[in-house]
Amino acid sequence: MHGATSGRIVETEAYLGPQSGLEDRAAHSWRGVTPRTRVIFGAPGHAYVYLIYGMYECLNVVAEPEGIAGCVLIRAVEPVAGIARMRLRRPTASGIEKLANGPGKLTLALGITRRHNGADLTSGPLTIHPPERPEGLRIGVSPRIGIKPSADLPLRFFIEGNRFVSR
DNA sequence: CAATAGATCATCT
DNA sequence: GATGATCTATTGC
């Protein structure tokens with residue numbers, strides 16, 4: 001039949017909770033628990049998916065112990081398998097490197113929606129497994145993209161030189 | 001090329 | 001009622 005649709009995460013951003021000590025005012029969890037941010041304060045290894053600009057969905061992985069806020073936004077994915085099954089907003093877009101290089105595009109490509117909000121990512125149909133880190137692979141660091149407050153914090157991480165990184 | 005505008009709605013004040 | 005952890009198309013140089 002067919003294998004799973006899969007991709008390698010090549011770009012992420014961290015969003016810290018109010019307990020972190022750093023004042024990350026860009027984080028949704030900055031102002032504490034609300035109906036939306038409840039899952040960010042929940043168990044790690046679960047998905048936080050939210051609607052942005054009324055139009056796109058963004059996938060995060062909850063990354064701190066229960067009761068402490070903190071999550072990782074998945075900003076870009078390098079398609080590995082099942083590319084033909086991925087979905088594009090513009091089917092005629094050229095080049096697979098534009099398929100999943102952006103938080104709003106990768107959810108579209110992988111079929112991730114708010115339906116997955118709160119889903120366990122350590123087992124089940126939507127899983128994340130530990131990355132391979134070949135010798136010589138470098139992780140780049142920079143400020144985060146598209147935020148106004150706390151714009152100086154170096155919390156964006158990406159695989160140096162990877163062409164699927166958003167920029 | 002770079003800069004900007006518009007689409008569109010859940011969330012919080 | 002204002003605001004976005006975005007993206008695409010369009011305009012301008």
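Note that the structure is a prediction, hence the values are computed from the model and not measured. Below, read A as the first sequence line, B as the second, and so on, with proteins coming before strands; counting in each chain starts at 1.
Note: A:Tyr15 OH to A:Leu73 CG = 5.5 Å, rounded to the nearest 0.5 Å.
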Exercise for the section: With pairs defined as Watson-Crick or G-U wobble and both distances under 3.5 angstrom, please note down DNA chain B as a dot-bracket string, | for pairing with another strand. Expected result: |||||||.||||.
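Summarising the geometry, the separation between CD1 on A:Ile40 and C1' on B:dC12 is reported as 14 Å, rounded to the nearest angstrom. A:Arg114 places its CZ atom 8 Å from the C1' atom of B:dC9, with the value rounded to the nearest Å. Whole-Å rounding puts the A:Leu99 CG to C:dC7 P distance at 12 Å. The CG-P distance, from A:Leu16 to C:dA5, rounds to 14 Å in whole Å. At whole-Å resolution of the value, CZ in A:Arg75 and C1' in C:dC7 are 11 Å apart. Taking atom CD1 of A:Ile52 as the reference point, atom C1' of C:dC7 lies 11 Å away to the nearest angstrom. The nearest whole Å value for the distance from the CG atom in A:Asn117 to the P atom in B:dA10 is 14 Å. Atom C1' of nucleotide C:dT6 and atom CG of A:Leu106 are separated by 11 Å, given to the nearest angstrom.
Nearest nucleotide to the side chain of A:Pro103, out of B:dC12, B:dA10, C:dC7: C:dC7. Between B:dA10, B:dA7, C:dT6, one nucleotide has an atom nearer to the side chain of A:Tyr56 than all others, and that is C:dT6. Minimum atom distance to the side chain of A:Met55 is reached by B:dA7, of the listed B:dA7, B:dC12, C:dT8. Nearest nucleotide to the side chain of A:Tyr53, out of C:dA5, C:dC7, C:dG4: C:dG4. Closest to the A:Cys58 side chain, of the nucleotides B:dT11, C:dT6, B:dA10, is C:dT6. Taking every side-chain heavy atom of A:Leu51 into account, B:dA10 is the closest of B:dC12, B:dA10, C:dT8.
Partners of A:Ser6 by side-chain hydrogen bond (donor to acceptor under 3.5 Å, both in side chains), not counting sequence neighbours: none found.
Annotation: side chain of A:Arg25 is not in contact with side chain of A:Leu153 (no heavy-atom distance under 4.5 Å).
Judged purely by atom type and a 3.5 angstrom limit, A:Ser142 has no side-chain atom pairing as donor or acceptor with the backbone of A:Pro154.
Between the side chains of A:Glu23 and A:Ser150, not a single donor N or O lies within less than 3.5 Å of an accepting N or O.
Across all strands, A:Arg144 comes closer than 4.0 Å to no nucleic acid atom at all (heavy-atom distances). Among the protein residues, A:Gly54 comes within range of the nucleic acid bases, having at least one heavy atom under 4.0 Å from a base atom. Contact annotation for A:Leu73: base contact, defined as any heavy-atom pair under 4.0 Å involving a base atom.
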Exercise for the section: Go through the steps for A:Arg115 and A:Thr113 under the test side-chain hydrogen bond (donor to acceptor under 3.5 Å, both in side chains), then give the verdict. Expected result: CA-CA 5 Å; A:Arg115 189 173 72 253; A:Thr113 70; 3.2 Å; yes
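Nearest heavy atoms, A:Asn101 versus A:Phe164: CB-O, 3.2 Å. Scanning all heavy atoms of the two residues, the minimum distance from A:Ile74 to A:Leu106 falls at O-CD2, 3.2 Å.
Remark: A:His28 is in phosphate contact with C:dA5, judged by side-chain N or O atoms under 4.0 Å from OP1 or OP2. OP1 and OP2 of B:dT11 both lie 4.0 Å or more from every side-chain N or O belonging to A:Arg31.
Here A:Tyr50 does not pack flat against the base of B:dA10, since the 5.5 angstrom centre distance and 30 degree tilt limits are not both met.
Residues A:Tyr50 and A:His28 place their aromatic rings such that the two centres sit under 6.0 Å apart.
Listed in residue order, the members of residues 146-160 of chain A having a heavy atom less than 4.0 Å from DNA chain B come to none.
Taking the centre and axis of the six-membered ring of A:Phe158, the NZ or CZ atom of A:Arg138 falls outside the cone set by 45° and 6.0 Å.
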